[in-house]
Amino acid sequence: MSDIGLMPERDRRPAGHRAARRAKKERRGPGCFFLLLIVAAVCVAGYLGASKLVGLAGDFFGGPEDYPGPGTGSVVIEVRQGDTVAAMGRELKAKDVVASVDAFLDAAAGAPEMNQVQPGFYQLRKQMQASQAVQALVDPASRVDASIGVPEGARVDQVVGQIAKKTEFTKKEINAALKDPELGLPAAAEGNPEGYLYPATYMVGPDATPLSLLQEMVSKAVALENDLNLEARAKALGISAHDAIVVASIVQAEAGTADYDKVARVIYNRLDDGMALQMDSTIHYVSGKDGSVWTSAESREIDSPYNTYKYPGLPPSPIGNPGEEALEAALNPADGAWLYFTLVDAESGETKFAESYSEHQQNVEELRQNCREQGGC
């Protein structure tokens, strides 16, 4: 028997063939490794999401995708309330301001002031380098909006003045928008926006109009009324939803910060007893006066349905735009038999409530004394 017959099966091929096979394996090695890398990356993408894969690929090939220059043209982006830096990055990527969210996040990581960027509208360029987009966002000069603050209790005329002061809209344009059928006022308002412009801070973007801004104020007021279940809760008190807003507007104008529900109770007690409300705030509404706790004998003789010294019951419409706390107090007044109240300390805002007129007179005298000591009220 030949020795060749005893050779293992793997050794029977010619030496040249075995050498060629080894060379082929060596050539195949890197390709197999790269293929495995791609497969692994696809699996990672399935777990972490496509954006993570982009970041991994960027690290592997030299960093996330970024535009090289300052960009071109102009684009306005909005930073919304509660937006994180990542959310800003997604907005910028969607508007083609930056090439990738990861490039923006890398640039923002070196700019701690990014955490102080306020909600609003910013003018940037398309296809900006991420670091330059960050610089633009933290630069106040990039803001292209106005901030309108409507304080609680502000009257419509005061809101109009504030809008005209902070924007390029004229009072004529704003007042025309207030009469627009598209404003969105509830039917109970009977076309009067007083009481239905919700107190809040509003961002006026570059595309805003007087009507769109006022529509936002009305829609916020209506949304809050729905959230408070205003109509049903007012009905349970024996009044209409509109009258509840009237009460809330008086509460807003009269109450100290801790006394909303007590003032509401005084109003309801007086209405139940058939007493005139005698609220100085309604006189101030007629006269346009602000900043005083007093009314004159002359002003209390003004012939107006808003003069609650002269005419019993509620005035025909709100005397300002109440906030949520005043509305809640009008729907949920405190328990008590009070018929009177007065501020007794203008500096602290302390208010005292009384069931009898004699007790009330004592409280008024305390106010007068404190006003003398404090240099006037």
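Salt-bridge annotation for Glu173 and Lys179: absent, with no side-chain N of the basic residue lying under 4.0 Å from a carboxylate O of the acidic one. Taking a cutoff of 4.0 Å between a charged side-chain nitrogen and a carboxylate oxygen, Glu91 and Lys95 qualify as a salt bridge. In summary, Arg155 and Glu194 do not engage in a salt bridge, as defined by a charged side-chain N under 4.0 Å from a carboxylate O. Taking 4.0 Å as the cut-off between side-chain N and carboxylate O, Glu328 and Arg233 count as a salt-bridged pair. By the 4.0 Å N-to-carboxylate-O rule, Glu78 lies close enough to Arg80 to be salt-bridged with it.
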Problem set entry | Verdict with reasoning, Gln129 to Asp66, per side chain to side chain contact (heavy atoms under 4.5 Å, CB included) | CA-CA 6 Å; Gln129 191 173 40; Asp66 197 2; 3.6 Å; yes
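Minimum heavy-atom separation, Glu231 to Ala241: CA-CB, 4.0 Å. Looking at every heavy atom in both residues, Val134 comes nearest to Ala108 through CG2-N, 3.8 Å. A pairwise comparison of heavy atoms in Gly195 and Ile245 identifies O-CG2, 3.8 Å as the closest pair.
Ser100 places a side-chain N or O within 3.5 Å of a backbone atom of Glu65 that can act as its donor or acceptor partner. Of the possible polar contacts, one joining the Ser287 side chain to the Ile283 backbone as a donor-acceptor pair under 3.5 Å is found. The main-chain N or O of Ile319 is found under 3.5 Å from a side-chain atom of Ser249 such that the two form a donor-acceptor pair.
Taking the ring centroids of Tyr340 and Phe353, they lie at or beyond the 6.0 Å cut-off.
By the criterion of side-chain heavy atoms lying less than 4.5 angstrom apart, applied directly or through intervening Ile, Leu, Val, Met, Phe, Trp or Tyr residues, Tyr198 is grouped together with Leu185 in one hydrophobic cluster.
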